[in-house]
Amino acid sequence: MYRVNEIFYSLQGEGRHTGRPAVFVRFSGCNLQCPFCDTQHDDGRAMTATDILSHIGQWSHCRFVVLTGGEPSLQVDKDLVNALHDEGYFIAVETNGTRQLPDGIDWVTLSPKNQFTKTNLPIVQTKIDEIKVVFDGKCNPEEYTSLSTDAYLSLQPCDNGNADSLRAITQQCVDYVLAHPHWNLSLQTHKMLGIE
């Protein structure tokens, strides 16, 4: 059984796949507590892999599934990965990287969060396709580039709920990317568009 916060169909709003239609499976629970998180970690219903497949099947025209959270690595296992692949889905996962994911996931976005929490859990995820650093104006994005030599690098402004602060941090991100062109700017376009 998996504890699922919500399942919905929308556009991927951030990172390398921005703008791509996706079915999102948001798992409950996390081993970190970031102050800006948009997930209610205690909410969720118990679902089997069959339940999840049945639910996402209502959007059968879309074969791109994003497993997110919370922290999906607390629950995603080989059985779920196999079940999704058996139905022809491309699987992307968004993780903080502090737990190893099962093999077979098609796209792993690692978004390290240690700078925002008091826990100092090491990053142990080894397959990394994208490193998406949430930038608060204080961290050094370069400290994460050694995690993978060929990952797509995204720098995303930290939305702390303050519009003036977000504007300032976004400008810092733009300046940083212009000065370090191996990074790409990631904006939370779903928030700009007012969609889930």
Between atom [atom1] of [X] and atom [atom2] of [Y], what is the distance when rounded to the nearest 0.5 Å?
X      : Y      : atom1 : atom2 : result
Asp159 : Leu166 : CG    : CG    : 5.0 Å
Leu80  : Met47  : CG    : CE    : 10.5 Å
Arg63  : Leu84  : CZ    : CG    : 9.5 Å
Ser165 : Asp136 : OG    : CG    : 9.0 Å
Gln75  : Ser28  : CD    : OG    : 6.5 Å
Leu110 : Ile131 : CG    : CD1   : 6.0 Å

Check the hydrophobic clustering (I, L, V, M, F, W, Y; side-chain heavy atoms under 4.5 Å; chains of links allowed) and say if [X] and [Y] are grouped together.
X      : Y      : answer
Phe90  : Leu53  : no
Leu153 : Val108 : no
Leu155 : Val134 : no
Ile105 : Ile128 : no
Leu74  : Tyr2   : no

query = With a 4.0 Å cut-off, would you call Glu71 and Arg99 a salt bridge?
reply =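 Answer for the salt bridge query: no.
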So do [Y] and [X] actually touch side chain to side chain, heavy atoms under 4.5 Å?
X      : Y      : result
Phe27  : Asn5   : no
His17  : Trp107 : yes
Gln156 : Val133 : no
Thr95  : Thr109 : no
Gln12  : Phe24  : yes
Val66  : Glu94  : yes
Ile169 : Phe135 : yes
Thr126 : Gln100 : yes

request  = Report the C-alpha separation of Ser186 and Asn184 in whole Å, then their side-chain angles, then the decisive distance to 0.1 Å, and conclude whether the side chain to side chain donor-acceptor pair (under 3.5 Å) test is met.
outcome  = CA-CA 6 Å; Ser186 172; Asn184 301 276; over 6 Å; no
Keeping the roles fixed (side chain from [X], backbone from [Y]), state whether a donor-acceptor pair exists under 3.5 Å.
X      : Y      : value
Asp175 : Leu178 : no
Thr98  : Ile123 : no
Gln58  : His55  : yes

request  = May I have all residue pairs that pass salt bridge (charged side-chain N to carboxylate O under 4.0 Å, His left out) and include part of residues 119-131, sequence neighbours excluded?
outcome  =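 Residue pairs with at least one partner in residues 119-131: Lys127-Asp129.
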query = Tell me, which pairs form a salt bridge (charged side-chain N to carboxylate O under 4.0 Å, His left out) where one or both residues lie in residues 15-25, sequence neighbours left out?
reply =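 Sorted pair list comes back empty.
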Which atoms form the tightest heavy-atom contact between [X] and [Y], and what is the distance?
X      : Y      : answer
Gln125 : Leu101 : OE1-N, 2.8 Å
Cys62  : Ala22  : SG-CA, 3.8 Å
Gly69  : Pro72  : N-CD, 3.9 Å

task = Evaluate side-chain contact (heavy atoms from CB on, under 4.5 Å) for Val93 paired with Ser73, printing each intermediate quantity in order.
result = CA-CA 9 Å; Val93 172; Ser73 67; over 6 Å; no
query = Listed by chain and number, what are the ring-ring contact (aromatic ring centres under 6.0 Å, His included) partners of His61, not counting sequence neighbours?
reply =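 Per chain and number, His61 pairs via ring-ring contact (aromatic ring centres under 6.0 Å, His included) with Tyr9.
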ask   = His85: what forms a ring-ring contact (aromatic ring centres under 6.0 Å, His included) with it, not counting sequence neighbours?
value =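 Listed in chain order: nothing, the list is empty.
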inquiry  = Under a 3.5 Å cutoff, is there a donor and acceptor pairing between the side chains of Asp106 and Tyr89?
reply    =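 Side chains of Asp106 and Tyr89: no pair found under 3.5 Å.
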Short side-chain donor-acceptor distance under 3.5 Å, Gln171 and Tyr176 =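 No pair is found: no donor N or O on one side chain lies under 3.5 Å from an acceptor on the other.
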Residue pair Glu6, Glu196: steps toward the side-chain contact (heavy atoms from CB on, under 4.5 Å) verdict = CA-CA 11 Å; Glu6 61 180 336; Glu196 193 168 14; 2.6 Å; yes
Output all residues satisfying side chain to side chain donor-acceptor pair (under 3.5 Å) with [X], sequence neighbours left out; order by chain, then residue number.
X      : answer
Asp103 : none
Gln172 : none
Asp79  : none

request  = Only counting residues at least two apart or in another chain, list the ones meeting side chain to side chain contact (heavy atoms under 4.5 Å, CB included) with Thr18.
outcome  =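 In terms of side chain to side chain contact (heavy atoms under 4.5 Å, CB included), with neighbours along the sequence ignored, Thr18 is linked to Thr189.
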key: Test side chain to side chain contact (heavy atoms under 4.5 Å, CB included) applied to Thr48 - qualifying residues, sequence neighbours left out   =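 Per chain and number, Thr48 pairs via side chain to side chain contact (heavy atoms under 4.5 Å, CB included) with Met1, Thr50, Asp51.
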message = Running the 4.5 Å side-chain criterion over Ile, Leu, Val, Met, Phe, Trp and Tyr, what cluster does Ile195 land in, apart from itself?
response =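 Members alongside Ile195: Leu11, Leu193.
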key: Inter- and intrachain pairs under ring pair (Phe, Tyr, Trp, His ring centres under 6.0 Å), touching residues 141-173, at least two apart   =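 As it turns out, there is no ring pair (Phe, Tyr, Trp, His ring centres under 6.0 Å) pair with a partner in residues 141-173 once direct neighbours are skipped.
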key: side-chain contact (heavy atoms from CB on, under 4.5 Å) between Ile52 and Val4, worked out   = CA-CA 9 Å; Ile52 292 171; Val4 177; 4.1 Å; yes
key: Candidate pair Phe64 and Ile91, rule side-chain contact (heavy atoms from CB on, under 4.5 Å), full reasoning   = CA-CA 6 Å; Phe64 182 53; Ile91 305 168; over 6 Å; no
message = Can you list everything that forms a salt bridge (charged side-chain N to carboxylate O under 4.0 Å, His left out) with Arg167? Sequence neighbours excluded, please.
response =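 Partners of Arg167 under the salt bridge (charged side-chain N to carboxylate O under 4.0 Å, His left out) test: Asp164.
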